[in-house]
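Structure first, then comments.
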Number of protein chains: 2
Amino acid sequence: MSTYTIKDVAQQFQLPISTIRYYDEKGLLPFVARDVHGNRVFTDSDLNLIKTIVCLKTTGMPLKQIRQYIQLCLQGPTSIPQRQALLAQHKAAVLQQQQALAQALQEIEVKLNRYSAPNAVGMIQAELAYVAQEKAALDLPNAFAH
Amino acid sequence: MSTYTIKDVAQQFQLPISTIRYYDEKGLLPFVARDVHGNRVFTDSDLNLIKTIVCLKTTGMPLKQIRQYIQLCLQGPTSIPQRQALLAQHKAAVLQQQQALAQALQEIEVKLNRYSAPNAVGMIQAELAYVAQEKAALDLPNAFAH
DNA sequence: TTAGACCCTCAACCTAGGTTGAGGGCAAGG
DNA sequence: CCTTGCCCTCAACCTAGGTTGAGGGTCTAA
């Protein structure tokens, strides 16, 4: 059972010290104690909660919502239903995000494949020609190289 | 072969009109032509490129980098190597992002499972007791319900 | 010929999420 | 006893990515 300084925590989670202080200021770390000099003192349990915070942040949860979750945690077991609701909703959001990401990634891969195809230059030229024809047919200026 | 107004484009991509104008202002849409009144005129090819832009945005690419990609596209086939490099690098970033997301999601699921376990209340109480003991042993104040 | 629905620009404003710097305190080692 | 390296607060500043509103033009249908 030991304690950690803000620097330790920063290193462990690969965050700037300023960010940890910012999170504290924003109410995400109400559980962190202070020593006689006002210095933050982190315990192992604190690290556990911070790990959860980082995890929620990684998945894109806004800090306000994270703060809300932490406040529910402070309240003890009575808030379990609310915590469940909050996390379940967030989980759904993350799943959607994963979907979107995977789909977009596929399109990027399609582009990449085009670029590494043997006749990539020819294909791009053909596309450019199509654009040129389209713009010309509509009497519009064409910003592409031609 | 037809043309589209900014409103059409906004609807198609589910973006506010203001965002499309903002992207244009930021140099992401240099290929969009104007009619005699200064109104933007979008072609089918334009929509294709915008689809790519949206895709890059979805995967978290900063607008500055997207602009760079678009500018490479304007230059014709000579910029294929640079485009390839840019997209390959971005693809790697997206893969990492997916990894992180999946891992964080797992932790969230672990939490959720805890909360829906039959003896969730007991477990949470035990955790709280542990925290209380830890803080007490170190002579620190405890912010949790107890 | 006027109302409604489009379109435009430009400048101001906004939120999230931090970062930076000034000004100051405590403690250990030389 | 002083330098180095931690820690602190508070206020200012910053970037990204938009949004909003004023002020004004065009076109169509009643």
Side-chain angles (χ1 to χ4, degrees), chain A residues 2-30 32-43 46-47 50 53-70 90 93 97 100 104 138 140-141, chain B residues 2-43 46 50 53-70 90 93 97 100 104 138 140-141:
Chain A
S2 48
T3 65
Y4 310 90
T5 67
I6 197 171
K7 196 190 179 196
D8 298 335
V9 178
Q11 280 184 344
Q12 174 146 357
F13 292 100
Q14 297 277 61
L15 291 172
I17 289 179
S18 62
T19 299
I20 297 174
R21 288 207 261 252
Y22 175 70
Y23 285 177
D24 195 4
E25 188 187 321
K26 288 295 162 182
L28 273 67
L29 312 177
V32 174
R34 302 295 183 114
D35 68 11
V36 280
H37 305 303
N39 292 2
R40 291 173 184 84
V41 177
F42 298 81
T43 67
D46 292 347
L47 295 192
I50 293 176
I53 290 173
V54 168
C55 164
L56 293 174
K57 189 190 59 133
T58 298
T59 50
M61 185 183 282
L63 297 190
K64 277 185 188 177
Q65 225 169 114
I66 298 182
R67 188 188 57 203
Q68 203 185 327
Y69 176 74
I70 293 295
H90 182 59
Q97 198 189 333
L138 295 162
L140 298 171
Chain B
S2 49
T3 66
Y4 310 89
T5 66
I6 198 170
K7 195 190 179 197
D8 297 336
V9 178
Q11 280 183 342
Q12 174 147 356
F13 292 99
Q14 296 277 62
L15 292 172
I17 288 179
S18 62
T19 298
I20 297 174
R21 287 207 262 251
Y22 175 70
Y23 286 176
D24 195 4
E25 188 187 321
K26 288 295 161 181
L28 274 66
L29 311 178
F31 48 84
V32 174
R34 304 293 185 116
D35 68 12
V36 281
H37 305 302
N39 292 2
R40 292 173 184 83
V41 178
F42 298 82
T43 67
D46 293 346
I50 293 176
I53 290 173
V54 167
C55 164
L56 293 174
K57 190 190 60 131
T58 298
T59 51
M61 183 181 284
L63 297 191
K64 277 185 187 176
Q65 224 169 117
I66 299 181
R67 188 188 56 203
Q68 203 184 329
Y69 176 74
I70 293 295
H90 182 59
Q97 198 189 333
L138 295 163
L140 298 171

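Scope of the values below: all heavy atoms of this structure, side chains included, with no hydrogens, waters or symmetry mates. We name chains A, B, ... by the order of the sequence lines, and we start the count at 1 in each one.
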Side chain to side chain contact (heavy atoms under 4.5 Å, CB included) with [X]: which residues, sequence neighbours excluded?
X: A:Tyr69; answer: A:Thr52, A:Leu56, A:Cys73, A:Arg83, A:Leu86, A:Leu87, B:Lys111, B:Tyr115
X: A:Lys64; answer: A:Arg67
X: A:Tyr4; answer: A:Ser2, A:Asp8, A:Val9, A:Phe42, A:Asp44, A:Leu47

So, does B:Asp46 use its side chain to make a donor-acceptor pair with the main chain of B:Thr43 at under 3.5 Å?
yes

If you look at every strand shown and take non-hydrogen atoms under 4.0 Å, does B:Ser18 touch a base, only sugar-phosphate, or nothing?
base

Between the protein and nucleotides 23-26 of chain D, list the N/O to N/O atom pairs that are separated by less than 3.5 angstrom.
residue: D:dT26; atom: O3'; partner: B:His37; partner atom: NE2; Å: 3.3

Below 4.0 angstrom, which residues in residues 53-66 of chain B have at least one non-hydrogen atom near DNA chain C?
none

Within residues 2-14 of chain A, which residues have any heavy atom lying less than 4.0 Å from an atom of DNA chain D?
A:Thr5, A:Ile6, A:Lys7

Separation of atom CZ in B:Arg40 from atom C1' in C:dC8, rounded to whole Å
7 Å

Distance, rounded to the nearest Å, where B:Arg21 contributes CZ and C:dC7 contributes P
7 Å

Minimum-distance nucleotide (side-chain atoms of A:Tyr22 versus C:dT9, C:dG18, D:dT9):
C:dG18

Indicate whether OP1 or OP2 belonging to C:dT9 is found under 4.0 Å from a side-chain N or O atom of B:Arg34.
yes

Distance test, side-chain N/O of B:Tyr23 to OP1/OP2 of D:dG18, below 4.0 Å
yes

